Amino acid sequence: MSSRRAHLDIRGMSCANCSRTVAESLESLDGVTDATVNFATDEGTVEYDPERVSLAEVYDRIAESGYEAVSETRAIGISGMSCANCADANRTTLESIPGVVDAEVNYATDEARVTYNPVDATLDDLYQAIEDAGYTPIREDENGDGGESSDGESARDVARTEEIRRQKRLTLFGAALSAPLLAMLAVELFTAAGLPETIPGTGFPIGWVAFVLATPVQVVLGRDFYVNSYNAVVKNRTANMDVLIAMGSSTAYLYSVAVLSDLLAGSLYFDTAALILVFITLGNYLEARSKGQASEALQSLLELEADTATLVDDDGTEREVELDAVEVGDRMKVRPGEKIPTDGVVVDGDSAVDESMVTGESVPVSKEPGDEVVGSTVNQNGVLVVEATKVGSETAIQQIVSLVKEAQGRQPEIQNLADRISAYFVPAVIANALLWGSVWYLFPETLAGIIQSLPVWGLVAGGPVVAGGAVSTFEFAVVVFASAVLIACPCALGLATPAATMVGTAIGAKNGIVFKGGDILERVKDVETVVFDKTGTLTKGEMTLTDVVAFGPAADGSGVVTTGEDETLDETAVLRYAASAERNSEHPLARAIVEGAEERGIELADPEDFENVPGHGVRATVEGRTVLVGNRKLLSDEGIDPTPAEDALADLEDDGKTAMLVAVDGSLAGVVADADEVKESAADAVAALRERGATVHMITGDNERTARAVAREVGIDPEHVSASVLPEDKADAVESLQSDGTRVMMVGDGVNDAPALAAAFVGTALGSGTDVAIEAADVTLMRDDPRDVVKAIRISEGTLAKIKQNLFWALGYNTAMIPLASLGLLQPVFAAAAMAFSSVSVLTNSLLFRTYTPDHDYHLLDFLRR
């Protein structure tokens, strides 16, 4: 039994009981032989059998215990991959390193995303593992930002650009030498006399001319394929696309050398050997260009960043500095037409800001002191002074790019199908080629007779001519073998999913919709029920005080209420007590009451003994008097009968207002009401979702009447409204809806929505919400617009449709072409051309998706709309 020892840094432990809990939990894992955890040093040592339990399972078990094992995640560019099998070889090698928790390798992005334990593994270990697998890691600086060249390009961009140039040089070199060979092939095929045996007037054999032209192509263009084939077979014990190309090309070349040397009798195929490599290299060049185009959307986002910022010092002097010199707290002047250098808050000035490049919102947004602004957006008119709140990698645009890159590394479940097929595909193709080459060699007359009797025979130019004696049976068997290995291209299959995912996530980013992973992008389309939080999601979340009602046991109808023998409280007094009690609360309802009182010029008192009663209201002492502000249950629990207020409450709540009872010294004093305006787009979003067949629910901590009034306004059925739901119960409500297998999307924006977002099949956070909500969500909507929920679903559906199109063409191509090659109906040179075309066609099909806009459902010919 092999054994590994992992040394872990564990966070969150506070006592010996914590460390014992972690140790016992780890030792219960099958495959863990020993676990020692020390809370004093926050360290743990785990001995385990990697064949029975993975390090990822160890990390998961620690997380399930309520603690966190420290890990790091790095994205590493990899050059030299040619198909999904290469990606799988890198993944397997990386995961075999002690200390690596998880590795995902994406052939379409030429990138690995590795999570590892920094105590047991280093970045150099990861680089070395990639090199050991036979590929080239793109080494970056320790911060993982790519190390920039003099013109600002990252190391990964430089490597990709150089690879495109290299493939172009190889293609041009091969094409120059192969052009005469192609001309010779045309003469042979399309003239009655065919090629002469020698060059007229010289006596130099044509065959040796072909050899001289084909050999440099075989050496220069073929080198990469031969080296990669060796690495795949010898180092990684697998077979990839390069193995097929090397076998097909070398078979034609070596057979021709044998014929030229009089070791065998037959025809020369130097033209075939050279053109195979030229066509495949041309395909690689076009593929590399397409990969670059697929990532252009993200690169264009980064290019939107400002290069410099104008800082305003304390004495009022202005100075221009490079963007990376800006620090949190610096004040920046932004003139009309300039880009806002970094995320911040307006401290002076009024203007409108174009935020379309980040949020997709086409209408400029008004900004005034106190408003937040996003870096890279454009100031339209007035001069703004902005205080920097986030800089560098913490800015919104950098976070978007980081999230989208991570999303492109996490593949949809449908990719598992392609990966499983690719893993067995190449060995199966080689076996098939050997089988049919042998069958043609042993039974040429029988097979030729059968094929000539088929209807397809009339559609094939030439067909198998072995029956007529034009070529030897061995020669034809070699042709069949070369064609059969060359026609089967796993590249197209490996590119089908990641290429479409890259484009889909980039479309989302351009429209202010960030998917956390390709798996999430796939999942969104399957949502059956959408649950909206009310406040801040369907409504603007900006509560304003609308009504103050005073009443009580001695009400005389004048609005003046007697609460004691010598005192009466009018509406102003009721509001003063309510607002004073709420001064220490951060709840939006409380802030609206306080701001409403201040706007009315009421002088407030500082509360004493303030207590927040979650989900019910507040209790405070104001000027020596006990004040309650909250719902019916809060007053009932204090022995105060809320019944006299029912009529007023009903009237306010039927209007969609949130009404709160006010009690002073144990007596019911009045009601204050706030209103939250429904977003203009909320009804459109609900209608669009219902039209798609989705069931729409609303969940809120607000009372039943208010909730139903808002639901009625936006078009949600009353039976789908859950009101008076406490924050901790929202996740339970979502899980209840999912208990019968229904796939639920939860849409929210607050801290109290985070558990529900995490519990849902898909959690969606509005970007205007809190960082906690966004962290818990699977999808982040950068705009404050519920219609983007529909757009997210459309992008998901469009991306999956594009993936299915790609898989159809990749699998359909192989299904149609492999039998043709096996039956001797396809020449090797045409097989190579078709092989290269298949990969390029899949990438082209994916790139056509870039023109799609999610304002409507995706259609196959959607690119024609543009």
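In this text the structure is predicted, and so the values were computed from the model without any measurement.
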Original post:
Ignoring hydrogens and geometry, is there a side-chain-to-backbone donor-acceptor pair from S585 to E582 under 3.5 Å?
Top reply: no
Original post:
Hey, is R583 close enough to D606 for a salt bridge, meaning N to O under 4.0 Å?
Top reply: yes
Original post:
Which pair of non-hydrogen atoms, one from S580 and one from V622, has the smallest distance, and what is that distance?
Top reply: CB-CG1, 3.8 Å
**OP:** Could you please spell out the steps behind the side-chain contact (heavy atoms from CB on, under 4.5 Å) verdict for F515 and D778?
**Re:** CA-CA 6 Å; F515 298 91; D778 301 306; over 6 Å; no
Original post:
Do D674 and T658 meet the criterion of a side-chain donor-acceptor pair at a distance under 3.5 Å?
Top reply: no
**OP:** Taking D330 for its side chain and A388 for its backbone only, find out whether a donor-acceptor pair lies under 3.5 Å.
**Re:** no
Original post:
Got L628 and I640 here, is their nearest side-chain heavy-atom distance under 4.5 Å?
Top reply: yes
Original post:
Any donor-acceptor pair under 3.5 Å linking the side chain of D641 with the backbone of T643?
Top reply: yes
Original post:
Does any donor atom in the side chain of D343 or T389 lie under 3.5 Å from an acceptor atom in the other side chain?
Top reply: no
Original post:
Under 6.0 Å from the CD atom of E735, do we count more than 12 heavy atoms belonging to anything else shown?
Top reply: yes
Original post:
Is R783 salt-bridged to D788, cutoff N-O under 4.0 Å?
Top reply: yes
**OP:** Search all heavy atoms of V618 against all heavy atoms of A581 and return the closest pair with its distance.
**Re:** CG2-O, 4.2 Å
Subject >> Distance (rounded to the nearest 0.5 Å) between E68 CD and M13 CE >> reply: 11.5 Å
Subject >> SB check R708 E704 (cutoff 4.0 Å) >> reply: yes
Original post:
Taking L575 as the fixed residue, which of V594, V662, L545, D570 is the one that meets the side-chain contact (heavy atoms from CB on, under 4.5 Å) rule?
Top reply: L545
Original post:
What residues, two or more places apart in sequence or in another chain, satisfy side chain to side chain donor-acceptor pair (under 3.5 Å) together with N631?
Top reply: H616
**OP:** Might you work through the side chain to side chain donor-acceptor pair (under 3.5 Å) test for S25 and S65, ending with a clear yes or no?
**Re:** CA-CA 7 Å; S25 180; S65 301; 3.0 Å; yes
Subject >> Option from T695, T537, V744 for which side-chain contact (heavy atoms from CB on, under 4.5 Å) with V531 holds >> reply: V744
Original post:
Under 4.5 Å between any side-chain heavy atoms of L311 and R331, yes or no?
Top reply: no
Subject >> N-O pairing of K679 and D784 below 4.0 Å >> reply: yes
**OP:** Mind checking the NE2-CE spacing from H697 to M746? Nearest 0.5 Å is all I need.
**Re:** 12.0 Å
Original post:
Salt bridge between R11 and D42, side-chain N to carboxylate O under 4.0 Å?
Top reply: no
Original post:
Side chain of D676, backbone of T535: donor and acceptor closer than 3.5 Å?
Top reply: no
**OP:** Let me see the working for T317 and D315 under side chain to side chain donor-acceptor pair (under 3.5 Å), right down to the final yes or no.
**Re:** CA-CA 6 Å; T317 59; D315 58 3; 2.8 Å; yes
Subject >> Main-chain N/O of I699 paired to S722 side chain as donor or acceptor, under 3.5 Å >> reply: no
Subject >> K367 (side chain) donor-acceptor with E372 (main chain) under 3.5 angstrom >> reply: yes
Subject >> Worked check of side-chain contact (heavy atoms from CB on, under 4.5 Å) between V686 and R690 >> reply: CA-CA 6 Å; V686 172; R690 296 184 65 171; 3.9 Å; yes
Subject >> Over all atoms of both residues, closest heavy-atom pair of E327 and V391 >> reply: C-CG1, 4.0 Å
Subject >> Rounded distance (nearest 0.5 Å) linking atom CZ of R743 with atom CZ of F761 >> reply: 5.5 Å
Subject >> Nearest atoms (heavy-atom pairs only) where S19 meets A16 >> reply: OG-O, 2.8 Å
Original post:
Looking at A707 and T700, what are the two nearest heavy atoms and their distance?
Top reply: CB-CG2, 3.6 Å
Original post:
Just how far is it from atom CZ of R619 to atom OG1 of T626, taken to the nearest 0.5 Å?
Top reply: 9.0 Å
**OP:** Can you measure from CG (N584) to CD (E611) and round to the nearest 0.5 angstrom?
**Re:** 12.5 Å
Subject >> Intermediate values then yes/no, side-chain contact (heavy atoms from CB on, under 4.5 Å), F39 and S14 >> reply: CA-CA 7 Å; F39 92 90; S14 59; over 6 Å; no
Original post:
If you round to the nearest 0.5 Å, how far is CD1 of I340 from CE of M332?
Top reply: 8.0 Å
**OP:** Without swapping roles, check the side chain of R591 against the backbone of T544 for a donor-acceptor pair under 3.5 Å.
**Re:** no
Subject >> Verdict with supporting geometry, E623 and R576, salt bridge (Lys or Arg N to Asp or Glu O under 4.0 Å) >> reply: CA-CA 11 Å; E623 297 176 337; R576 181 173 181 276; 2.7 Å; yes
Subject >> D647 atom CG, neighbour heavy-atom count above 12 within 6.0 Å >> reply: no
Original post:
Counting distance only, does the side-chain N/O of T342 pair as donor-acceptor with the main-chain N or O of K390 below 3.5 Å?
Top reply: yes
Subject >> Min side-chain heavy-atom separation E646-R632 under 4.5 Å >> reply: yes
**OP:** May I ask you to test the D350-P369 pair for a side-chain heavy-atom distance under 4.5 Å?
**Re:** yes
**OP:** Before accepting this row, confirm whether a basic side-chain N of the pair K730/D533 lies closer than 4.0 Å to the acidic partner's carboxylate O.
**Re:** yes
**OP:** Please report the closest heavy-atom contact between K657 and A673, naming both atoms and the distance.
**Re:** CB-CB, 4.4 Å
**OP:** Look at the side chain of S739 and the backbone N and O of S736, then say whether any donor-acceptor pair between them is shorter than 3.5 Å.
**Re:** yes
Original post:
In this structure, are over 12 heavy atoms from other groups packed under 6.0 Å from E603 atom CD?
Top reply: no
Original post:
Heavy-atom distance under 4.5 Å between the side chains of P786 and F532, does that happen here?
Top reply: yes
Original post:
Do the side chains of Y577 and L604 get nearer than 4.5 Å, heavy atoms only?
Top reply: no
**OP:** Using the salt bridge (Lys or Arg N to Asp or Glu O under 4.0 Å) rule, take E318 and R335 through it: C-alpha gap first, then chi angles, then the decisive distance, then the call.
**Re:** CA-CA 13 Å; E318 300 177 8; R335 299 176 178 84; 2.8 Å; yes
**OP:** Check whether any side-chain heavy atom of K540 lies under 4.5 Å from a side-chain heavy atom of E680, and answer yes or no.
**Re:** yes
Original post:
V70 and I10: side-chain contact (heavy atoms from CB on, under 4.5 Å), yes or no, with the steps?
Top reply: CA-CA 6 Å; V70 174; I10 302 175; over 6 Å; no
**OP:** Without swapping roles, check the side chain of D740 against the backbone of T742 for a donor-acceptor pair under 3.5 Å.
**Re:** yes
Original post:
Do D547 and V672 have side chains that get closer than 4.5 Å, going by heavy atoms?
Top reply: no
